[in-house]
Amino acid sequence: MNRLDNKVALISGAAKGIGAETARLMSQAGAKVVVADVLGDVGRATVKSITDEGGDALYVDLDVSREDSWAAAVEAAVGHFGKLDILVNNAGLFLGQDFEEVPLDDWNRLVSVNLTGVFLGTRVCAPALRKSAKDSPHGSAIVNLSSIAGLVGAPLDPLYSMTKGGVTVFTKSTALDFARKKDRIRVNSVHPGVIDTEMGQQTIETGARMFSENDTDLALKRSIQRHPMGRLGTVDDIARAIVFLASDDAGFMTGSSLVVDGGLTAA
Ligand SMILES: NC(=O)c1ccc[n+]([C@@H]2O[C@H](COP(=O)([O-])OP(=O)(O)OC[C@H]3O[C@@H](n4cnc5c(N)ncnc54)[C@H](O)[C@@H]3O)[C@@H](O)[C@H]2O)c1
């Protein structure tokens with residue numbers, strides 16, 4: 001189940017957090033992985049931890065907001081491993097600012113990573129994914145990291161929520177477009193609740209500032225209480241969902257939104 005043998009995967013924002021765990025699990029599932037990030041030292045350490053366990057991994061510099069950077073990353077990945085079967089559009093930013101006060105430059109930076117990054121990743125990787133799909137019984141796969149904030153309203157950060165809502169619908173639209181063109185590239189999105197990463201911590205700190213009188217412990221308690229299962233998510237919870245969607249076990253899934261939130265949006 002959920003095997004990725006002989007697959008090559010490129011994961012954006014994979015130096016740390018959900019992306020790094022996804023690279024580790026994909027390697028354990030048999031894939032060759034490309035760890036792509038703006039954080040060279042951290043990304044190379046992630047690659048080392050994977051190769052130390054016997055995996056096959058490569059670090060490439062990638063700023064998802066720049067098309068030339070995507071082109072160089074894909075060229076390096078295909079040059080090294082010979083093909084590309086899986087793209088995980090994982091790199092993302094969270095602002096945690098009141099939209100009535102946020103400087104326009106911060107908004108533009110958010111959009112350049114959360115939206116332009118996903119658009120460019122999909123566009124630049126499409127030719128390589130289309131090519132490898134021809135040799136694979138179930139085709140190629142793109143997994144986009146959206147959020148519960150891309151499904152329901154998020155008072156903590158309406159701007160982040162707007163970008164993630166865009167990712168949700170772009171996922172469905174590109175899934176339909178690739179299917180119409182018979183490219184055999186499946187596209188699905190994952191929607192995490194609050195996950196225990198640096199970004200997850202940033203959401204707790206924002207919650208403390210906005211709704212909990214700067215009390216981080218109280219904000220954490222409230223964040224946990226919002227999840228009916230009574231805990232925050234882990235990087236492993238999310239990486240497992242991503243591996244599944246990238247694998248041939250999800251061969252009849254495209255345009256779907258996989259919610260992994262401990263029940264938060266079920267209420
Ligand atoms: N942590 C959560 O609670 C949570 C919840 C829902 C959705 N998500 C989404 O999951 C994804 C991963 O989140 P995370 O919690 O691991 O975040 P994180 O902040 O821990 O890691 C994000 C990674 O993206 C990289 N990155 C940032 N800008 C980049 C750029 N321009 N080009 C390339 N890489 C860049 C960072 O260097 C970092 O390695 C994001 O898209 C995020 O929005 C996270």
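Here the structure is a predicted model, which means the values were calculated and not measured. Remember, it's 1-based here, ligands and their atoms both numbered in the order they're listed. In what follows, residues are counted from 1 in the order of the sequence shown.
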Under 4.0 Å from ligand 1, counting heavy atoms only, is it the side chain of T197, its backbone, both or neither? side chain

Would you check the N or O atoms of K164, main chain and side chain alike, for any that come under 3.5 Å of an N or O of ligand 1? yes

Mode of A14 contact toward ligand 1 - side chain, backbone, both, neither (heavy atoms, under 4.0 Å): neither

Check: S140 and F178 side chains under 4.5 Å, non-hydrogen atoms: no

Looking at K221, I want to see if its NZ is surrounded by more than 12 non-hydrogen atoms of other residues, nucleotides or ligands under 6.0 Å. no

Using a strict cut-off of less than 4.0 Å between a Lys/Arg side-chain nitrogen and an Asp/Glu carboxylate oxygen, indicate whether D105 and R109 qualify as a salt bridge. no

The protein heavy atom nearest to atom 29 (C) of ligand 1 is V38 CG2, 4.0 Å

Does an N or O from S147, backbone or side chain, lie closer than 3.5 Å to an N or O of ligand 1? no

Note: ligand 1 atoms sitting under 4.0 Å from heavy atoms of L39 are 37 (O)

Enumerate the atoms of ligand 1 whose separation from the nearest heavy atom of S146 is less than 4.0 angstrom. 7 (C), 9 (C)

Which protein heavy atom lies closest to atom 17 (O) of ligand 1, and at what distance to 0.1 Å? M199 CB, 3.6 Å

So which heavy atom on K83 is nearest to which on N6, and how close? NZ-O, 2.7 Å

Identify, by atom number and element, the atoms of ligand 1 in contact range of L62, meaning under 4.0 Å from any of its heavy atoms. 32 (N), 33 (C)

Quick one: which ligand 1 atoms are inside 4.0 Å of a heavy atom on G193? 3 (O), 5 (C), 6 (C)

Could you tell me which atoms of ligand 1, counted from 1 in the order shown, lie closer than 4.0 angstrom to a heavy atom of G200? 1 (N), 3 (O)

Subset of ligand 1 atoms that lie under 4.0 Å from at least one heavy atom of Y160: 6 (C), 7 (C), 8 (N), 9 (C), 42 (C), 43 (O)

